[in-house]
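First up is the structure itself, then whatever we jot down about it.
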Amino acid sequence: MVVFALIDGNNFYASCERVFNPRLEGKPIVVLSNNDGCIIARSGEAKALGIPMGVPLHKVKSIITANGVKVFSSNYTLYGDMSARMMQTLGEFSPEMEIYSIDECFLSLSGFDHFNLNDYGQLIKKTVRQNVGIPCGVGIGSTKTLAKIANKIAKKYPEYGGVFFINSPEKRIEVLKTIGVDDVWGVGRKYLAKLNAVGIHTAYDLSTVRKDWAQKNLGGIVGVRLVHELNGLSCLPLELIQEPKKNIAATRAFGKIVTSKDELAEALSVYTARGAAKLRAEGSIAKQISYFIHSNPFSKTYPYFSTGQSITLPVATSNTCKLTSAVLRSLEKTFRPGIRYHKAGIMLSFLRPEDSVQDDLFSCGDSERAKVLMQTLDKLNNRYGRETVVLGSAGFKRDWGTRVDNRSPQYTTSWTDLMPVRG
DNA sequence: TCTGGGGTCCTAGGACCC
DNA sequence: TCTGGGGTCCTAGGACCC
């Protein structure tokens with residue numbers, strides 16, 4: 001029998017913050033998006049206070065102050081490292097694993113029939129808690145979509161102890177009737193409205209729609225698969241090998257309004273360097289780099305302005321210098337003065353493996369020297385922290401940089417942030 | 001005052017070819 | 001009156017995910 005488990009860290013970012021600060025146990029905490037803008041993670045206690053996901057911080061300021069909610073800027077270095085530890089532990093529970101996101105993974109439990117899978121789920125949960133310090137939930141079912149739903153149930157009803165197994169067709173139907181259709185993996189805002197409009201409210205309702213209706217109304221083959229999966233027919237296999245990325249982006253809103261070309265050039269240099277480093281870490285090269293600069297789309301006082309360009313490179317590359325100079329040359333042409341710039345970003349596309357560079361007759365790929373330079377740069381920045389070594393064009397002041405007023409220390413990845421142990 | 005960042009897949013439709 | 005049919009490639013945009 002085909003069996004999938006979905007394991008995810010509870011309130012992952014909030015839990016990461018808590019691992020190194022046990023005094024926060026039982027206290028409400030939230031984690032913010034970039035520039036301390038929106039709430040992107042909440043501990044259970046913060047959820048209970050009615051703080052919604054994704055709201056701008058200023059809208060819930062009063063709840064936060066009144067209840068002493070602890071607020072953290074996001075600390076992706078920490079979360080990434082905690083994620084790696086969690087995944088390593090989880091990988092020991094099955095020969096087949098798909099890391100689905102920073103805090104979620106699927107395991108294949110096919111052929112584990114001789115185990116009591118509820119007990120096995122409990123063991124997984126306990127081990128992760130012990131080894132990594134993160135509480136997690138385990139959902140088990142015969143398709144990925146059902147495993148996702150089982151995971152929701154595990155979280156929703158504490159009496160299951162954080163583990164739920166949809167182990168029979170009868171239980172599947174019973175469970176689907178209690179799940180809102182918007183809690184189904186693959187149903188977002190638009191589809192929810194469409195489904196509700198025709199009287200479909202629960203996951204069970206959705207499991208009974210005709211295939212041709214799903215085909216026509218839920219994105220074609222995607223919708224058909226979704227309905228099959230709800231019915232226990234597995235259409236989405238585990239993706240065991242991580243395909244290389246097809247696009248890589250680095251974009252950020254500024255910490256303040258930017259008006260000068262020089263500062264935009266600095267920001268685009270920094271983002272290009274980050275993108276290029278990701279590219280090299282993937283072992284890929286890019287044939288195209290695009291960038292944009294724009295003003296605040298939410299502003300009611302100033303009109304929205306956005307510009308940028310896609311630049312096709314003569315030869316695919318991952319070289320920071322080449323990519324940066326392409327962007328900065330183009331910025332000279334697209335920059336418009338008198339605009340209150342709010343955000344900028346770059347995107348690398350048409351990626352391919354670095355060993356596949358096809359030299360044409362008149363141009364050639366990166367020289368050995370250039371490659372060694374990039375390797376050295378990556379080595380230094382990995383060891384001593386991002387942006388220890390940068391191109392001159394990235395500047396040193398970075399007045400436009402992201403606001404991070406509540407950042408926790410990088411306990412696991414920075415020597416200077418190691419916790420002291422007092423005897 | 002204050003509104004994230006980084007991805008994927010799929011479809012429809014146009015251009016073009018024979 | 002009737003105005004082919006089948007195929008590919010590309011792009012823009014929609015929808016979703018965490």
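Convention: sequence-line order gives letters A, B, ...; per-chain numbering from 1.
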Ignoring the backbone of [X], work out which of [options] is nearest its side chain.
{"X": "Ile248(A)", "options": "dT8(B), dT3(B), dG7(B)", "answer": "dG7(B)"}
{"X": "Thr251(A)", "options": "dG4(B), dG5(B), dT8(B)", "answer": "dG5(B)"}
{"X": "Phe298(A)", "options": "dG5(B), dT8(B), dG4(B)", "answer": "dG4(B)"}
{"X": "His342(A)", "options": "dG6(B), dT8(B), dT3(B)", "answer": "dT3(B)"}

Is [X] touching bases, backbone alone, or none of the nucleic acid, heavy atoms closer than 4.0 Å?
{"X": "Lys278(A)", "answer": "sugar-phosphate"}
{"X": "Leu218(A)", "answer": "nothing"}
{"X": "Lys59(A)", "answer": "nothing"}
{"X": "Lys61(A)", "answer": "nothing"}
{"X": "Arg274(A)", "answer": "nothing"}

Considering only NZ, NE, NH1 and NH2 on the basic side and carboxylate oxygens on the acidic side, decide whether Glu354(A) and Arg280(A) come within less than 4.0 Å. no

Assess the side chains of [X] and [Y]: does a donor N or O sit below 3.5 Å from an acceptor N or O?
{"X": "Thr334(A)", "Y": "Gln309(A)", "result": "no"}
{"X": "Thr317(A)", "Y": "Asn319(A)", "result": "no"}
{"X": "Tyr79(A)", "Y": "Glu17(A)", "result": "yes"}
{"X": "Ser330(A)", "Y": "Tyr291(A)", "result": "yes"}
{"X": "Asn21(A)", "Y": "Lys70(A)", "result": "no"}
{"X": "Ser290(A)", "Y": "Ser310(A)", "result": "yes"}

Quickly work out the [X] [atom1] to [N] [atom2] distance and round it to whole Å.
{"X": "Ile39(A)", "N": "dC2(B)", "atom1": "CD1", "atom2": "P", "answer": "17 Å"}
{"X": "Asn296(A)", "N": "dC2(B)", "atom1": "CG", "atom2": "P", "answer": "7 Å"}
{"X": "Tyr79(A)", "N": "dG6(B)", "atom1": "OH", "atom2": "P", "answer": "16 Å"}
{"X": "Tyr76(A)", "N": "dG5(B)", "atom1": "OH", "atom2": "P", "answer": "9 Å"}
{"X": "Asn34(A)", "N": "dC2(B)", "atom1": "CG", "atom2": "P", "answer": "16 Å"}
{"X": "Met53(A)", "N": "dG4(B)", "atom1": "CE", "atom2": "P", "answer": "13 Å"}
{"X": "Ile99(A)", "N": "dT8(B)", "atom1": "CD1", "atom2": "P", "answer": "16 Å"}
{"X": "Asn35(A)", "N": "dT3(B)", "atom1": "CG", "atom2": "P", "answer": "8 Å"}

Tell me which nucleotide, if any, is Watson-Crick or G-U wobble paired with dC18(B) when both distances must be under 3.5 Å. dG5(C)

Going by side chain to side chain donor-acceptor pair (under 3.5 Å), Ser73(A) matches just one of Asp36(A), Asn35(A), Asn34(A), Asp405(A). Which one? Asp36(A)

Pairwise C1' distance for dG4(C) and dC17(B), with rounding to whole Å: 14 Å

Protein-to-nucleotide contact annotation, 5' to 3' order, nucleotides 9-18 of chain C [B base; S sugar-phosphate only; - none; under 4.0 Å, heavy atom]: ------SSSS

Would you say a side-chain N or O of Asn247(A) is under 4.0 Å from OP1 or OP2 of dT8(B)? yes

Which comes earlier along DNA chain B counting from the 5' end, the contact point of Phe254(A) or that of Pro244(A), where each point is its nearest nucleotide? Phe254(A)

5' precedence on DNA chain B between Gly37(A) and Ala249(A) (nearest-nucleotide basis): Gly37(A)

